[in-house]
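Report on one structure; see the data block that follows.
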Amino acid sequence: LPCPPEMKKFGNKLDEILADKAEEVRRLMPVREKLQFAAQAREDFRSFETALGGGIRDHSEDEGYGLSDLAVIAEVKRASPSAGTISHDFDPLAIAESYAAAGADALSILTDEKYFQGHLSYLAKIRERVDLPILRKDFIIDEVQIYESVVAGADAILLIVAALEQEQLVHLLDVAANYQLDVLVEVHDLGEMERALETGARIIGINNRNLRTFEVDLGTTERLSEEVGPDHILVSESGIYTGTDTKRIRSWGADAILVGEALMRATDRTAKMAELKGGGDE
């Protein structure tokens, strides 16, 4: 998919977002110790990794890479820079409950306010109503955001390789592990994949959307999946709309998919989930 015309004027959107995140981190610093102390006390974690299948899978006898065990991370997402407003009558609790009822294996919750119209408070509210593991989807660049994620109720966080220097990435992975959070490490190209694998990260996400141009190509998963061994959980993200898409992605060895817009826009989320898990179009 080409870069939407309205996005071309922004240039490198990722750099703009990261600059705003640095300012958010500065505002958190006065409560850093308080957040860290509160994070140390939490014990009620749900395993995001287990929900995605535990990682170590043998596909050797799975002719055509069957879809039966393909995990779906369903995303609660009001808007995005590329799609604009996706849901005008946005009710995060109702959406999360509908995903759980439809058979989602885990939830991804957008918490960025400026670019995705999300909010950190959604995590705790959804956690009270839905039993699935929750991924905090945001741009994490500092360990104070990890403390914040733990306190807010996340079970996992996203770390975007393109947004971090290697030393930062390794450090944040270590901090997350110390606070019992699973981590989805997101890559988009071969260099980023090599960096992710060097860290020993267990869950690798291949984003089919280039965060610098917003172009989407499902072939990104096909190309990069060859680098990932069976001792990792492989997640394909972005640009996944139909059962045909998931059938292709599964054939490339993915263990899970992260789907937002297709589920958010579906009039029947149970039917759409069945389509995505079954590999056939509605």
Side-chain angles (χ1 to χ4, degrees), residues 12-49 73 75-81 92 96 106-128 130 132-187 192 195-196 198-203 205 207 211:
N12 191 334
K13 194 68 174 178
L14 181 59
D15 286 348
E16 178 186 336
I17 292 172
L18 293 178
D20 285 326
K21 287 296 158 184
E23 179 57 34
E24 289 182 21
V25 166
R26 282 192 286 272
R27 292 198 296 268
L28 281 174
M29 287 307 175
V31 294
R32 178 190 179 97
E33 291 186 7
K34 182 179 179 180
L35 286 170
Q36 185 176 16
F37 181 78
Q40 291 170 343
R42 185 179 155 201
E43 297 180 352
D44 61 335
F45 293 92
R46 304 165 184 168
S47 177
F48 184 72
E49 180 175 328
I73 308 164
E75 190 156 85
V76 178
K77 180 179 186 179
R78 183 172 191 169
S80 73
L107 299 177
S108 170
I109 313 297
L110 266 298
T111 61
D112 173 81
E113 295 184 44
K114 181 174 181 179
Y115 298 94
F116 292 86
Q117 298 180 36
H119 201 277
L120 189 67
S121 65
Y122 296 161
L123 298 178
K125 291 175 181 178
I126 289 172
R127 187 179 186 83
E128 290 181 1
V130 179
L132 298 175
I134 294 174
L135 170 75
R136 180 190 180 184
K137 187 88 172 287
D138 210 316
F139 297 82
I140 305 294
I141 59 173
D142 189 275
E143 64 183 69
V144 70
Q145 294 167 288
I146 294 179
Y147 308 149
E148 180 186 51
S149 300
V150 173
V151 174
D155 302 296
I157 57 168
L158 177 74
L159 291 180
I160 302 171
V161 173
L164 301 164
E165 298 294 335
Q166 192 68 1
E167 185 176 347
Q168 278 181 296
L169 176 61
V170 171
H171 175 67
L172 293 176
L173 277 164
D174 287 342
V175 173
N178 288 338
Y179 286 85
Q180 303 182 61
L181 288 180
D182 288 327
V183 180
L184 174 61
V185 178
E186 181 179 288
V187 306
E192 292 173 10
R195 288 179 55 200
E198 284 176 6
T199 69
R202 290 273 298 157
I203 311 172
N207 194 342
L211 292 179

If you measure from CD on Glu186 to NZ on Lys137, what distance do you get to the nearest 0.5 Å?
6.5 Å

Leu184 CG to Ser108 OG distance, which is reported to the nearest 0.5 Å
8.5 Å

First locate atom CG of Asp20, then atom CD of Glu113, and finally report the distance between them rounded to the nearest 0.5 Å.
11.5 Å

Would a 4.5 Å heavy-atom cut-off, applied to side chains only, mark Asp142 and Arg32 as touching?
yes

Residue pairs meeting salt bridge (charged side-chain N to carboxylate O under 4.0 Å, His left out), one or both in residues 159-182, sequence neighbours left out, come to none

With side chains defined as the heavy atoms from C-beta onward, is the minimum distance between Leu132 and Arg46 less than 4.5 Å?
no

Show the nearest heavy-atom pair for residues Pro133 and Ser47, with the distance to one decimal.
CG-O, 3.6 Å

Please report the interatomic distance CD1(Ile160) to CG(Asp138), rounded to the nearest 0.5 Å.
8.5 Å

Heavy-atom pair with the smallest gap, counting every atom of Glu192 and Ala162:
OE2-CB, 3.3 Å

Quick check: closest heavy atoms across Ile126 and Pro92, and the distance to 0.1 Å?
CD1-O, 3.9 Å

Salt bridge (Lys or Arg N to Asp or Glu O under 4.0 Å) against Lys34, all qualifying residues, sequence neighbours excluded:
none

Minimum-distance pair of heavy atoms, taken over all atoms of Leu35 and Val151
O-CG2, 3.6 Å

Does the side chain of Phe139 reach to within under 4.5 Å of the side chain of Leu14, using non-hydrogen atoms?
yes

Test item: Asp112 and Lys21 side chains (from C-beta on) under 4.5 Å apart, heavy atoms
yes

Apply side chain to side chain contact (heavy atoms under 4.5 Å, CB included) to residues Tyr115 and Lys13 and explain how you reach the verdict.
CA-CA 10 Å; Tyr115 298 94; Lys13 194 68 174 178; 3.6 Å; yes

Test log, rule side chain to side chain contact (heavy atoms under 4.5 Å, CB included), inputs Leu181 and Phe48:
CA-CA 8 Å; Leu181 288 180; Phe48 184 72; over 6 Å; no

Ignoring hydrogens and angles, tell me if any N or O in the side chain of Gln166 forms a donor-acceptor pair with the backbone of Arg195 under 3.5 Å.
yes

Considering non-hydrogen atoms only, spot the tightest contact between Ile140 and Leu164 and give its length.
O-CD2, 3.6 Å

Of all heavy-atom pairs between Ala176 and Val183, which one has the smallest distance, and what is that distance?
CB-CG2, 3.5 Å

I need the Ile141 CD1 to Ile17 CD1 distance, nearest 0.5 Å.
11.5 Å

Taking side chain to side chain donor-acceptor pair (under 3.5 Å) as the cut-off, I'd like each qualifying pair that reaches into residues 145-159, sequence neighbours left out, listed once.
Gln36-Tyr147, Arg42-Asp155, Arg127-Asp155, Arg136-Glu148, Arg136-Ser149, Glu143-Tyr147

Report the distance from atom CZ of Arg202 to atom CG of Leu173, rounding to the nearest 0.5 Å.
13.0 Å

